[in-house]
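Residue numbering restarts at 1 for every chain, and letters A, B, ... go by the order of the sequence lines.
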Amino acid sequence: MKTNFLNLQLNSPLVLASGILGLTASSMKRVVDNSCGAVTTKSFNLEARKGHPNPSIVPFEHGLLNAVGLSNPGAEEAIKEIERFKQVSDAPVFASIFGRTIDEYGKVAEIAVKAKPHLIEVNVSCPNVRSEFGTPFGDVPEDTAAITRLVKQVAGDIPVSIKLGPHGPGIARMAKVCEENGADAITAINTVGPGMLIDINVQKPVLSNKTGGVSGPAILPIAVKSVYEVYKNVSIPIIGTGGVTHWQDAVQMILAGASLVSLGTAVYYEGIDVFNKINMGIQTYLEKFGYESIEDFRGGAH
Amino acid sequence: MKTNFLNLQLNSPLVLASGILGLTASSMKRVVDNSCGAVTTKSFNLEARKGHPNPSIVPFEHGLLNAVGLSNPGAEEAIKEIERFKQVSDAPVFASIFGRTIDEYGKVAEIAVKAKPHLIEVNVSCPNVRSEFGTPFGDVPEDTAAITRLVKQVAGDIPVSIKLGPHGPGIARMAKVCEENGADAITAINTVGPGMLIDINVQKPVLSNKTGGVSGPAILPIAVKSVYEVYKNVSIPIIGTGGVTHWQDAVQMILAGASLVSLGTAVYYEGIDVFNKINMGIQTYLEKFGYESIEDFRGGAH
Amino acid sequence: MQTFPIQKIVEHGPGVKSFYFEQTFEALPGQFVNLWIPGVDEKPFSISCEQNGLTEISVKAYGPFTQELMKKKVGERLGLRGPFGHGFSLKENSLLIGGGIGIAPLRRLAQELSDLGMRFVSLLGAATEHELIFKSHFQEISTCYFYTDDGSFGEKGLVTEHLLQIIQDEKIEYIYAAGPEIMFVKVKELIDPLSIPYEFCMERYMKCGIGICGQCVLDDSGVRLCVEGPVLNQDDLKGVTELGKVHRNATGRRE
Amino acid sequence: MQTFPIQKIVEHGPGVKSFYFEQTFEALPGQFVNLWIPGVDEKPFSISCEQNGLTEISVKAYGPFTQELMKKKVGERLGLRGPFGHGFSLKENSLLIGGGIGIAPLRRLAQELSDLGMRFVSLLGAATEHELIFKSHFQEISTCYFYTDDGSFGEKGLVTEHLLQIIQDEKIEYIYAAGPEIMFVKVKELIDPLSIPYEFCMERYMKCGIGICGQCVLDDSGVRLCVEGPVLNQDDLKGVTELGKVHRNATGRRE
Ligand SMILES: Cc1cc2nc3c(=O)[nH]c(=O)nc-3n(C[C@H](O)[C@H](O)[C@H](O)COP(=O)(O)OP(=O)(O)OC[C@H]3O[C@@H](n4cnc5c(N)ncnc54)[C@H](O)[C@@H]3O)c2cc1C
Ligand SMILES: Cc1cc2nc3c(=O)[nH]c(=O)nc-3n(C[C@H](O)[C@H](O)[C@H](O)COP(=O)(O)OP(=O)(O)OC[C@H]3O[C@@H](n4cnc5c(N)ncnc54)[C@H](O)[C@@H]3O)c2cc1C
Ligand SMILES: Cc1cc2nc3c(=O)[nH]c(=O)nc-3n(C[C@H](O)[C@H](O)[C@H](O)COP(=O)(O)O)c2cc1C
Ligand SMILES: Cc1cc2nc3c(=O)[nH]c(=O)nc-3n(C[C@H](O)[C@H](O)[C@H](O)COP(=O)(O)O)c2cc1C
Ligand code: FES
Ligand code: FES
């Protein structure tokens with residue numbers, strides 16, 4: 001299912017979301033071999049980070065709770081994986097970056113650019129590092145504007161997508177701020193919450209970080225709503241993310257206005273094969289309605 | 001399971017959440033007959049409101065999406081039901097009030113006081129009426145402060161709980177604002193999101209209001225985390241609400257710091273009998289650990 | 001919420017139609033579904049028949065929603081949630097009293113009683129002939145008494161006219177009724193002294209259909225019509241003080 | 001996450017203990033669980049035995065986590081998630097090569113092979129006698145060769161010392177190994193020319209245990225050790241370029 005996105009050609013509208021199997025070229029390659037259209041790296045910043053101790057990812061009945069804490073090997077290591085990936089695959093790779101300060105976003109982008117990723121995704125919305133960095137930058141319009149401008153400046157002709165969360169002063173408003181400051185796309189959404197689960201026998205929070213972002217089926221309605229509102233408010237394309245597990249969920253995202261749909265937690269529920277399954281489901285949907293491509297129904301719920 | 005809360009005596013720490021079966025004395029009575037400790041009325045304001053057209057409440061796999069739109073018969077009618085209820089039951093009844101303006105909160109509270117409810121719960125956090133009223137008052141510290149002071153002034157010796165949502169500038173911070181302005185308790189949380197679900201065949205949002213608040217099992221981690229953070233930040237008691245379906249969930253809430261636990265969507269999943277079931281589960285837990293009352297483990301996860 | 005294309009539409013007469021959908025669940029007689037017209041509203045409707053793999057719903061044009069429904073064509077999709085509620089019990093030697101569109105749930109009941117070989121008698125009334133929907137169907141499987149307001153079919157008058165006589169003549173041991181609330185009040189007045197057990201299939205304004213909004217709760221019993229109803233028996237009705245009186249509108253206010 | 005009280009603790013010698021929990025799942029030989037010490041951390045451990053309704057885990061004190069574990073008492077609760085991963089296949093005439101705490105997963109394998117009446121030979125090595133855990137158990141059910149670094153039990157030296165000889169003498173047709181990575185490298189070097197099929201039970205730093213974080217993925221195969229492993233066979237290992245070399249630490253950096 002060929003899909004165009006900005007200046008890119010993808011073999012499927014499905015993308016591997018940041019933080020899922022995106023640490024190494026070899027695992028990203030494996031996902032592409034399973035019909036994923038493009039891959040996003042785990043978010044990286046300047047220096048290596050160990051992240052939070054385990055348990056850092058725990059399933060509950062309706063999704064996952066995670067507080068990985070943005071562990072990553074640092075930008076210089078991360079771009080080596082991007083370069084390796086580009087040697088073994090033609091699929092677009094999106095570099096996900098973050099910084100602990102606004103300036104750091106610029107510095108990390110500078111390093112990322114060296115590997116010539118097909119898109120830079122700017123994570124301003126991770127809820128797990130709130131306590132360390134204060135409010136996520138993505139909740140503050142001025143910070144998000146500044147980061148967008150800074151990364152765009154460094155990125156040259158590499159397109160930039162800003163990854164927003166459903167919290168803060170309203171995702172539609174924040175998306176507009178990004179668009180006005182030069183963003184080429186919006187990724188919506190990051191994890192929701194944060195949340196906490198307590199073990200009633202040991203009477204302690206289960207995550208070592210106590211709180212963590214909620215992903216998976218539980219958050220699908222919030223993601224669909226976010227994409228819908230962003231689509232109404234901006235004209236740049238959207239990478240819809242959050243709770244997509246079955247092909248019907250992906251279709252909802254596209255009807256809400258997503259140009260690409262990215263999957264994270266679904267890999268846990270359905271295995272790496274989930275990309276194949278969802279592609280096939282979307283294909284059936286196209287045939288049933290006589291559509292030629294997903295563009296024929298994108299935003300159709302408005 | 002006798003429980004003390006503020007100056008009240010309850011037969012169970014379980015409360016019927018606002019908006020669930022709280023429209024009439026007869027249905028609130030029925031819930032109390034099923035071992036619920038106290039009941040909260042549907043939120044009411046000055047004038048009768050029809051709310052949004054149907055579908056206004058739709059189940060999805062992991063909870064409910066609702067945009068009832070705060071339909072209510074108006075304060076004067078609503079207090080008649082409170083009065084009727086007090087004639088037929090000894091269980092405490094909490095009057096849930098809201099207003100379209102800050103002033104209206106005061107006026108509605110004046111009417112509510114006439115029925116002498118055992119507590120006034122101030123709903124500043126309904127996400128479903130955002131588009132009509134702008135940002136929920138509960139997201140704006142100054143507004144929440146003003147509403148708290150106003151209602152407290154009118155309420156006399158009736159205790160006042162402010163019902164907060166997980167959004168906005170941080171529930172722990174908002175809870176502090178409420179405490180500083182005289183609130184006697186915090187109810188946490190209201191529905192989450194809002195969210196949206198799209199029917200992929202008719203290609204339209206399912207809720208007539210398009211978006212609606214998410215409740216039920218999907219939001220339990222967010223509710224537990226909210227109660228936990230509020231407990232850390234204030235010393236007034238908390239009515240924990242959100243996603244509690246099984247007794248283990250209620251125990252999590254109490255370990256996080258809740259003094260009472262209120263149930264809404266669980267009535268859909270488990271029937272009205274859910275209050276009995278959860279009471280029994282908590283009782284077993286008390287026995288297993290040799291606790292005399294829930295006070296022995298309240299906040300135990302901190 | 002699932003949506004289904006309309007498979008077939010039958011017009012019984014001006015403003016009365018049946019809509020057929022692929023049957024995806026089995027409903028007990030008296031159970032209802034919530035029917036969603038996308039972009040318009042969602043309202044409860046009794047299932048009037050399950051046959052040949054189709055679920056049938058029968059509707060009388062009344063206000064804005066049902067008028068919108070009348071415009072729908074075969075192939076258009078409607079949302080269908082359910083089946084909801086608690087249906088009729090199944091008793092021998094019963095009398096089915098239907099008024100107007102209240103005949104719809106009784107048809108499903110008649111179908112079931114007949115399939116089980118249980119004897120029943122039908123007493124059906126409506127404003128005019130074409131609103132006596134399914135009359136030939138009832139005639140095929142039971143003794144029938146018909147009434148119309150305008151005398152266009154059967155006797156002119158109300159179903160309650162000779163009710164006591166019919167009960168006696170037909171040796172009726174159980175009564176089912178569905179129709180306007182005023183009919184229930186009259187029927188109840190007449191039969192309460194006989195101590196024949198009965199069940200009414202009632203209607204109230206509904207929001208959720210799943211027992212949580214409280215919109216359909218009956219004073220003073222606390223019965224949720226969408227869960228414990230819509231069919232209530234004489235015992236359920238003992239606690240109901242609002243029969244034929246004011247009940248709650250969309251705001252929850254009595255009117 | 002579920003937590004379970006420790007039912008029993010057996011000390012094999014200084015710094016090596018087995019912990020027993022009520023058995024709530026059935027694991028295949030080679031599968032592992034994530035063990036959570038509340039407030040500390042969570043790490044992967046092989047299941048060393050399932051018997052008498054108990055699940056056994058055997059641990060060697062190494063770093064902060066395992067040292068903390070050594071302090072735990074019967075009755076204290078630990079979190080247990082799993083079983084995770086893909087276990088050993090079960091083959092006749094096999095050789096089980098275990099190094100140090102790597103003996104743990106082999107014990108579960110030996111149990112299974114023995115229950116199925118399949119012949120196998122055990123070749124176990126460790127630093128010193130008490131780290132040759134379960135040696136009497138292995139002796140009861142198989143021919144055994146033991147090695148220790150200090151010569152305190154069995155021969156002094158490494159398990160690879162007379163490997164080729166043992167394979168020949170015992171007519172070995174399949175090889176299982178679990179132990180330090182350096183042992184795999186040596187074993188592989190020795191047996192690759194023989195083209196005897198083999199399976200290694202490997203270890204990598206793990207975060208999620210459920211195949212999504214990417215932490216345990218092996219270069220260049222893309223194999224996730226927590227899902228497709230921890231047991232890999234000679235074909236799986238063909239694509240693995242990092243055996244015995246640098247691999248990823250908690251940050252994901254190679255070291
Ligand atoms: C359990 C149940 C089964 C029903 N079965 C049928 C059926 O088989 N066929 C049929 O034609 N009608 C049935 N109805 C009535 C139907 O739901 C509609 O109320 C009716 O068709 C009129 O709707 P309207 O919007 O066109 O008219 P309106 O003018 O909007 O409403 C007319 C009256 O219908 C009632 N009503 C309106 N909205 C609702 C609502 N959401 N829930 C319940 N009552 C409402 C009100 O009392 C109102 O005064 C049933 C109702 C219930 C509760
Ligand atoms: C599938 C699998 C099965 C295992 N089975 C056993 C067993 O049966 N018995 C046993 O004693 N040990 C087993 N281990 C190793 C165990 O998980 C611990 O790594 C080890 O016990 C040392 O932990 P530590 O924190 O005490 O020491 P540390 O000093 O913290 O770590 C020592 C080394 O262990 C590795 N390590 C640390 N954390 C992790 C982690 N989260 N995941 C994987 N490796 C890590 C690192 O390479 C590190 O250098 C197994 C590991 C894996 C992956
Ligand atoms: C274990 C895990 C790690 C994640 N790490 C990152 C990250 O590093 N950067 C980022 O932008 N999002 C990260 N996310 C968020 C996902 O990219 C995605 O936005 C979110 O999980 C919602 O999608 P899902 O429901 O399909 O998982 C992570 C999510 C999970 C579950
Ligand atoms: C149908 C419905 C209607 C609700 N109406 C109100 C309301 O009027 N006022 C209010 O404060 N909360 C209202 N709520 C929120 C609940 O009181 C509760 O805070 C929320 O649903 C989370 O709890 P739960 O998961 O147990 O349902 C409503 C929730 C639902 C599902
Ligand atoms: S319609 Fe909501 S309780 Fe019956
Ligand atoms: S430990 Fe996360 S993928 Fe294996």
Side-chain angles (χ1 to χ4, degrees), chain B residues 16-17 19-33 41-42 44 47-60 64-66 68-69 71-74 76-78 80-81 84 88 197 199-208 215 264-269 271-272, chain C residues 1-6 34-44 63-65 68 72 75-82 84 204-228 239-242 246-255:
Chain B
L16 178 70
I20 285 82
L21 293 179
L23 211 51
T24 60
S26 52
S27 59
M28 294 191 290
K29 167 79 161 58
R30 190 158 164 222
V31 172
V32 169
D33 290 345
T41 68
K42 170 87 189 147
F44 56 84
E47 314 262 294
R49 288 169 57 89
K50 283 186 74 159
H52 302 302
N54 289 338
S56 54
I57 305 173
V58 288
F60 72 112
L64 294 177
L65 212 58
N66 98 77
V68 168
S71 64
N72 78 84
E76 290 291 356
E77 278 294 317
K80 288 187 202 155
E81 296 293 339
R84 275 193 199 106
V88 295
L197 287 168
D199 183 279
I200 64 168
N201 287 306
V202 303
Q203 305 192 331
K204 279 199 168 56
V206 173
L207 286 176
S208 70
S215 64
T265 305
V267 172
Y268 163 64
Y269 283 99
I272 296 186
Chain C
M1 170 86 68
Q2 278 194 287
T3 59
F4 303 93
I6 302 171
N34 271 358
L35 197 73
W36 174 43
I37 307 183
V40 179
D41 204 335
E42 185 194 34
K43 301 219 171 186
F65 182 83
E68 198 58 39
K72 292 288 153 188
E76 286 191 72
R77 277 184 175 266
L78 299 178
L80 225 61
R81 293 203 269 167
F84 293 128
R204 279 293 177 277
Y205 194 91
M206 288 185 182
K207 281 202 163 147
C208 70
I210 54 176
I212 65 161
C213 74
Q215 188 70 44
C216 69
V217 171
L218 296 171
D219 282 347
D220 287 334
S221 66
V223 159
R224 297 169 298 177
L225 206 69
C226 67
V227 174
E228 286 92 29
V240 177
T241 54
E242 63 171 60
V246 288
H247 34 83
R248 253 164 287 283
N249 66 8
T251 69
R253 189 192 285 269
R254 290 192 178 69
E255 60 176 15

Would you call R30(B) and E228(C) a salt bridge, taking side-chain N to carboxylate O under 4.0 Å as the test? yes
In terms of heavy-atom pairs under 4.5 Å, which option from I272(B), L197(B), V88(B) contacts chain C the most? I272(B)
Partners of S215(B) by side-chain hydrogen bond (donor to acceptor under 3.5 Å, both in side chains), sequence neighbours excluded? T265(B)
Between the side chain of S27(B) and the main-chain N/O of L21(B), is any donor-acceptor distance below 3.5 Å? yes
Out of D199(B), V206(B), N54(B), I200(B), return the one with the most heavy atom pairs under 4.5 angstrom to chain C. N54(B)
Under 4.5 Å from a heavy atom of chain C, the part of N201(B) involved: both
Side chain / backbone / both / neither for L64(B) at chain C, heavy atoms under 4.5 Å: side chain
Pick one of side chain, backbone, both or neither for V40(C), based on which atoms fall under 4.5 Å of a heavy atom in chain B. backbone
Quick check for you: to the nearest 0.5 Å, what is the distance between C226(C) atom SG and R204(C) atom CZ? 13.0 Å
Relative to chain B, which segment of R224(C) carries a heavy atom at a distance below 4.5 Å: side chain, backbone, both, or neither? both
Would you say E68(C)'s side chain and P64(C)'s backbone share a donor-acceptor pair under 3.5 angstrom? no
